[in-house]
Every structure is written in structure tokens, then in C-alpha cells.
There are 2 protein chains.
Amino acid sequence: MSDLLGRLRGRGWRMTAQRRVVAEVLDGEHVHLTADEVHARAVAKLPEISRATVYNTLGELVSLGEVLEVSTDKRAKRYDPNAHRPHHHLVCAQCGAIRDVHPTGNPLADLPDSERFGFTVSDVEMTYRGLCPNCSTA
Amino acid sequence: MSDLLGRLRGRGWRMTAQRRVVAEVLDGEHVHLTADEVHARAVAKLPEISRATVYNTLGELVSLGEVLEVSTDKRAKRYDPNAHRPHHHLVCAQCGAIRDVHPTGNPLADLPDSERFGFTVSDVEMTYRGLCPNCSTA
DNA sequence: GCTTGACTTAGACAAGGTCCATTGTAGGAT
DNA sequence: ATCCTACAATGGACCTTGTCTAAGTCAAGC
């Protein structure tokens, strides 16, 4: 994650304790925290950090392309630090567990011109749904 | 849409002016209204209808499988009456316009076992993003 | 045309998120 | 090393979306 911090500094990001903590919290694979979860973990490391700062920082990370906003859950947005390898998501319909997945195939090519309605299509987002091992045995 | 009303009555739904109005508002192709938009249009036809009733009715339509909940936009849920032909969505990243689309191919088959993490996968939801004709010329 | 249980209503409430005026501080200039 | 200042953080008000509840209303069977 020091990578991320370096990259950010390179882009003229002003480095503060708060921003560092938010970036640290978002480290890892299969990490998909809500803003509130990020805030809770950030508070553990830096008790004075405010909710607004967490929201601001997350928003900045998203617009810098370092973090993805995911909305698999229909309530809160989730933040996914794995922005540099394109991927999709697999979500447990019951408990909400999320995995990053990499389907084969090229879904963009699967949308015929006749179904594009004149749009310039640039991206697809796929959300697989099912039951995770835990929830399917229960 | 009289179809829908008939089907609902057949399932023991008590028919009220409010429910009829909500069902009417949701008629059509490429319709993806938020709950508030549904409410606004319903009020135009039946001024006394309350927000809670619209939410209740939408929720019932969803659990009866007559209407789909879509969350292409990261804010409010949208309601899609086209529940009987499976389809995906194409969204304008700028103005939010939504079209129903039918890609070829079978995305479920594109998720290898090694990427399933033991889940029982049952469904995929695809959201294509791009710019609509209007927004891409601007 | 009565009855009754399902439906509707208004408004309070909750969660997630945004905004803003004020205070604090990173990092360049001296 | 210290000072400055533009940018960042704070906390609290506020907004939007959605849910809940208690009381009143009404569709539909008798």
C-alpha cells in the first residue's frame, strides 16, 4: 500500500495522517467496506478522524481512479481498492459476502449494435449472485 | 397493463385505486422510475396517495415478481416493469438514461469453477455504461 | 348494506450521505 | 527553523431515501 501513498504524493496529493489512515484501511484483496466501516476502522487508528473526512477522502480516491465504488448491496456504497486489475463481483444473496471474480469472455462484444441505441459503450459491470458455502448449507 | 391488474387480482390482491394507479404509472418499455418519481406521477392521477403506499405497493410488486428492482444509479432504487423478459441495462454515465438490452452469450458459463469460491451461482446482472447519443455529441 | 380484515394515511424515525463555516496544518518560501 | 497560506479536517446541520406505526378507511364477501 506504500505504493498507493507514493503514487498519490506523486500526483500532488497533500499527505495527512487522516488520508494515510484511510488508505491503510483499504489495503488488501477482497476488501469491500462501506464508508461507515472504513470510518470505524480509521477511528481505531486515529480517534479524531471525522466522518466527513472519510467521505471526502474516499471520494477523492475514487475520482483519482485508485479505488472503485461498488454497489452490490442496495444500501450503502462499498469501496474496493483493487482498482488496477479489472474484475467483477460475486455476491452472496443471503449474507452479502463479496468476492472479486474474473470471468472469461468479452461481454462488451456480446452487445450487438442493434442493442446499443446509439450509445458509445465503454464499460460493463457484472454482478454474479448466489449463495456462499456457509449460507447454502444452512 | 390490464394484464398485470388481472394477474394481480388472480393472486388475491385486493384492488384499490392506489394500487391501480401505481401499476398504471409503471406501464411501458424502458421505464425505470425511482420510487419518488412513481409517487410524483401517481399523485398527478390521485392526489391523496401517500408515499408509504407507493413504497408498499412497489415492494409487493417486486416480491410478486411483477417488477424488478434495479440499482444502476448509486442513489435511489429504480423499478422496472419489464420483469417477464430477462434483460440487462445500458446506462448513460452522464445523464443517467437507461435502456433495456439483451446481450448474446451466456455470462454464467463464463465464470470458471476456480472463480466461484464454492458459491452456488444462480444469476448475473450486467450493467453496460457509456454515453447516450445526446451526451456524446455535447 | 354490513362487517371485517386488509389497505391507506400522515408523520415520526433511521440510515446513508452531503454541505458549510470554522479551525488546523503540510509543505514551500524565507 | 520559522512563517505563511492554500488546502485539508472538523462537527454539526441538513438532505434524501426508505421504513415503521397507530389510527382511520374501504373492497369484497356475506
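Protein chains get the first letters and strands the later ones, always in sequence-line order, with residue 1 at the start of each.
The nearest whole Å value for the distance from the CD1 atom in A:I49 to the P atom in C:dG24 is 17 Å. Between the CZ atom of A:R11 and the P atom of C:dA26 there is a distance of 22 Å, rounded to whole Å. When rounded to the nearest whole Å, the span between NE2 of B:H39 and P of C:dT8 equals 13 Å. Protein atom CG of B:L8 is 17 Å distant from nucleotide atom C1' of D:dA28, rounded to whole Å. Remark: C1' of C:dT25 and CD of A:E48 are 13 Å apart, rounded to the nearest angstrom. As rounded to whole Å, 9 Å separates atom P of C:dC7 from atom CH2 of B:W13. Between A:R20 atom CZ and D:dA8 atom P there is a gap of 15 Å when expressed in whole angstrom units. A:E60 has its CD atom 6 Å from the P atom of D:dA8, to the nearest Å.
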Pick out the pairs of N or O atoms, protein on one side and nucleotides 12-15 of chain D on the other, that lie under 3.5 Å.
none

Listing time: all N or O pairs from protein to nucleotides 4-6 of chain D that are below 3.5 Å?
none

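Between the CG atom of B:N82 and the CG atom of B:D100 there is a distance of 5.0 Å, given to the nearest 0.5 Å. To the nearest 0.5 Å, atoms CZ (B:R9) and CG (B:L4) are separated by 11.0 Å.
A 4.5 Å side-chain heavy-atom check between B:V22 and B:L61 finds at least one atom pair inside the cut-off. The closest side-chain heavy-atom distance from A:Q18 to A:T57 is not below 4.5 Å. Counting only heavy atoms from C-beta outward, the side chains of A:L131 and B:F119 never approach each other to under 4.5 Å.
Residue B:H89 is tested with B:D80, B:T127, B:T72 for a side chain to side chain donor-acceptor pair (under 3.5 Å); the sole match is B:D80. Under the salt bridge (charged side-chain N to carboxylate O under 4.0 Å, His left out) test applied with A:E60, the options A:R14, A:R11, A:R19 reduce to a single match, A:R19.
At D:dC26, none of the side-chain N or O atoms of B:Q18 fall inside 4.0 Å of OP1 or OP2 (strictly under the cut-off). In terms of phosphate contacts, A:S50 brings no side-chain nitrogen or oxygen within less than 4.0 Å of OP1 or OP2 of D:dG11. For C:dT8, one of the phosphate oxygens OP1 or OP2 lies less than 4.0 angstrom from a side-chain nitrogen or oxygen of B:T16. Residue B:K77 has no polar side-chain atom (N or O) positioned under 4.0 Å from OP1 or OP2 of D:dT16. Look at B:Y55 and you won't find any side-chain N or O under 4.0 angstrom from OP1 or OP2 of D:dT19.
When atom types are taken as modelled, the side chain of A:H87 and the backbone of A:R85 share a donor-acceptor pair closer than 3.5 angstrom. A:R78 places a side-chain N or O within 3.5 Å of a backbone atom of A:H32 that can act as its donor or acceptor partner. Without hydrogens or angle criteria, B:R116 side chain to B:L111 main chain gives a donor-acceptor distance under 3.5 Å.
Along DNA chain D, the nucleotide nearest A:L46 and the nucleotide nearest B:A17 are compared for position; the residue whose nucleotide lies closer to the 5' end is A:L46. Comparing B:M15 and A:R75 by the nucleotide of DNA chain D whose heavy atom lies nearest to each, the residue mapping closer to the 5' end is A:R75.
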Check against side-chain contact (heavy atoms from CB on, under 4.5 Å), B:L64 and B:W13: CA-CA 10 Å; B:L64 289 173; B:W13 231 41; 3.8 Å; yes

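Each of D:dG11, C:dC7, C:dG16 was ranked by its minimum atom distance to the side chain of A:A76; first place goes to C:dG16.
Aromatic pair B:H39/B:Y55: centroids not less than 6.0 angstrom apart.
Direction of the helix axis in the helix from C:dG1-D:dC30 to C:dT30-D:dA1 shifts by 30° between the two five-pair termini, rounded to 10°.
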